[in-house]
S.K.: 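Structure provided below as structure tokens; questions to follow.
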Amino acid sequence: MDRPVLFAYQIYLIVLFSIIHSAQGLGKIIFAVNAGGDSHVDIYGIKYQKDPLEGKTGIASDYGRQYLNIGRVPEPDAILYQTERYHHSNFGYDIPVGEDGDYVLVLKFCEVYFNSLSMKVFDVTLNGVHTIVSYLDIFEKVGKAVAHDEYIPFRVTKGKILVNDEESELVGKKVRVEFIKGNQDNPKVNAIYVMKGLLEDVPKLAPLAGSEGDEDEIEEKPIEKDEPSSVPQPSGTSSTSPKKKREQPKIINPYSDETSTLLPIFVAIAAFVPFLFCLCKL
């Protein structure tokens, strides 16, 4: 290959990579864990590591695998919501944050056991000081076998963490996200990642169809399967269960529109045309 052609090809590859990266709009991932499960690469290219707490803290469960489809999630990434880690007490993960800047913590949840609200309720804290999620009842938020993500922006600057207009000291260049046990069953999490960037750079789940402000309660009919012994039994709080359940609304599949998926391909084709023209002239 002639040197001018080789040089033009190299420029084309650089431009193409930059365009595709810009189209994806995803910041730098500094931490990602598939809680209770093995490593996984999602459709955005985020590489989730195998749960580092395996054999150390809490209990891993894949009870959610009985649900072949998880609402609001494409099939390749359902595994992120089918496995989980829970504990009979508080537990958490230490996340390295060595640089100043803006970050977003994404917590992924899915209720796959309880069939009514107020059966599992817990808090989530950051750095042992900031309550970033209060009284989280996953079923109340989205129902059963439906994905629910929490997005928590925070900033690290000069040895301090700023979140929700509060600040605390950053010790050892690590921040701890902790799941706090309440009176209703055990705390849990399905997956976690931290991205260096802004909230608008984070891929979001689609809203539930028919929900205006408040997300409806949903009941999903599971595949019949015996409850494994490793899954926690509900605590003595059944008196707080609701008396009625609502019909599950239709879930919008955010990936049914193939336009956003094919955008990098269209951009690549458009960028290749002038390159091909240059080659013809050579």
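Heavy atoms only: backbone and side chains are in, while hydrogens, waters and symmetry mates are out.
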S.K.: Is there a path from Ile29 to Val41 through hydrophobic residues (I, L, V, M, F, W, Y) whose side chains come within less than 4.5 Å of each other?
M.R.: no
S.K.: Do Val202 and Tyr193 have side chains that approach each other closer than 4.5 Å (heavy atoms only, starting at C-beta)?
M.R.: yes
S.K.: Taking all non-hydrogen atoms of both residues, which atom of Gln49 and which atom of Phe31 are closest, and how far apart?
M.R.: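 Smallest interatomic distance, heavy atoms only, reads NE2-CE1, 3.9 Å.
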S.K.: Check for a donor-acceptor pair, side chain of Glu111 on one end and backbone N or O of Phe114 on the other, with a separation under 3.5 Å.
M.R.: yes
S.K.: Restricting to non-hydrogen atoms, name the atom on Asn127 and the atom on Ser168 that form the minimum distance, rounded to 0.1 Å.
M.R.: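 Scanning both residues completely, I find the closest heavy atoms to be ND2-OG, 2.7 Å.
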S.K.: Within the 4.5 Å heavy-atom criterion, are Pro52 and Val33 side-chain neighbours or not?
M.R.: yes
S.K.: Between Lys141 and Leu136, is a side-chain contact (heavy atoms from CB on, under 4.5 Å) present by the stated rule, with each step listed?
M.R.: CA-CA 8 Å; Lys141 290 281 188 180; Leu136 176 60; 4.2 Å; yes
S.K.: Between OG of Ser39 and CG of Asp51, what distance do you get to the nearest 0.5 Å?
M.R.: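 One gets 11.5 Å once the value is rounded to the nearest 0.5 Å.
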S.K.: Search all heavy atoms of Lys47 against all heavy atoms of Ala32 and return the closest pair with its distance.
M.R.: O-CB, 3.5 Å
S.K.: So, for Phe91 and Pro187, which heavy atoms are closest and what is the spacing to 0.1 Å?
M.R.: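 Reported closest heavy-atom pair: CE2-O, 3.6 Å.
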S.K.: Does a side-chain heavy-atom distance below 4.5 Å link Thr131 with Val124?
M.R.: no
S.K.: Is Ile70 reachable from Ile43 through a run of hydrophobic residues whose side-chain heavy atoms are each under 4.5 Å from the next?
M.R.: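 Yes, same cluster.
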S.K.: If only atom types and distance count, is the side chain of Arg85 paired as donor or acceptor with the main-chain N or O of Thr57 below 3.5 Å?
M.R.: yes
S.K.: Any salt bridge between Asp149 and Lys108, counting N to O under 4.0 Å?
M.R.: yes
S.K.: With the 4.5 Å side-chain cut-off for hydrophobic clustering, are Val106 and Leu199 part of the same group?
M.R.: yes
S.K.: Could you tell me which residues satisfy side chain to side chain donor-acceptor pair (under 3.5 Å) with Lys188, sequence neighbours excluded, listed by chain and number?
M.R.: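 So Lys188 forms a side chain to side chain donor-acceptor pair (under 3.5 Å) with Glu84.
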S.K.: Are there more than 12 heavy atoms of other residues, nucleotides or ligands under 6.0 Å from atom CD of Glu75?
M.R.: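 Not buried by this count: 12 neighbours or fewer within 6.0 Å.
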S.K.: Residues sharing Val121's hydrophobic cluster, by side-chain heavy-atom contacts under 4.5 Å among ILVMFWY, directly or via others?
M.R.: Tyr135
S.K.: Rounded to the nearest 0.5 Å, what's the gap from OH on Tyr93 to CG on Leu105? Could you check?
M.R.: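 One gets 12.0 Å once the value is rounded to the nearest 0.5 Å.
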S.K.: Do Tyr151 and Leu198 sit in the same hydrophobic cluster, where Ile, Leu, Val, Met, Phe, Trp and Tyr count as joined when their side-chain heavy atoms come under 4.5 Å apart?
M.R.: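 In one cluster with Tyr151: Leu198, no.
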S.K.: If I compare all heavy atoms of Lys174 with all of Leu170, which pair ends up nearest, and what's the gap?
M.R.: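 Heavy atoms only, the tightest pair is O-CD1, 3.1 Å.
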S.K.: Can we say Asp100 and Lys158 salt-bridge, meaning some charged N sits less than 4.0 Å from an Asp/Glu carboxylate O?
M.R.: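 Result for this pair is no, no salt bridge flagged.
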S.K.: Is the distance between the ring centroids of Phe154 and Tyr103 less than 6.0 Å?
M.R.: yes
S.K.: Hey, mind stepping through Ile180 and Thr125 against side-chain contact (heavy atoms from CB on, under 4.5 Å) and telling me if it holds?
M.R.: CA-CA 7 Å; Ile180 308 301; Thr125 64; 3.8 Å; yes
S.K.: Among Asp185, Asp137, Asn186, find the one that has a side chain to side chain donor-acceptor pair (under 3.5 Å) with Lys120.
M.R.: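 Of the listed residues Asp185, Asp137, Asn186, the side chain to side chain donor-acceptor pair (under 3.5 Å) partner of Lys120 is Asp185.
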S.K.: Please table the atom pairs, donor to acceptor, closer than 3.5 Å between any side-chain atom in residues 159-167 and protein atoms at least two apart or in another chain.
M.R.:
residue : atom : partner : partner atom : Å
Lys160  : NZ   : Glu169  : OE2          : 2.4
Glu166  : OE1  : His130  : ND1          : 3.0

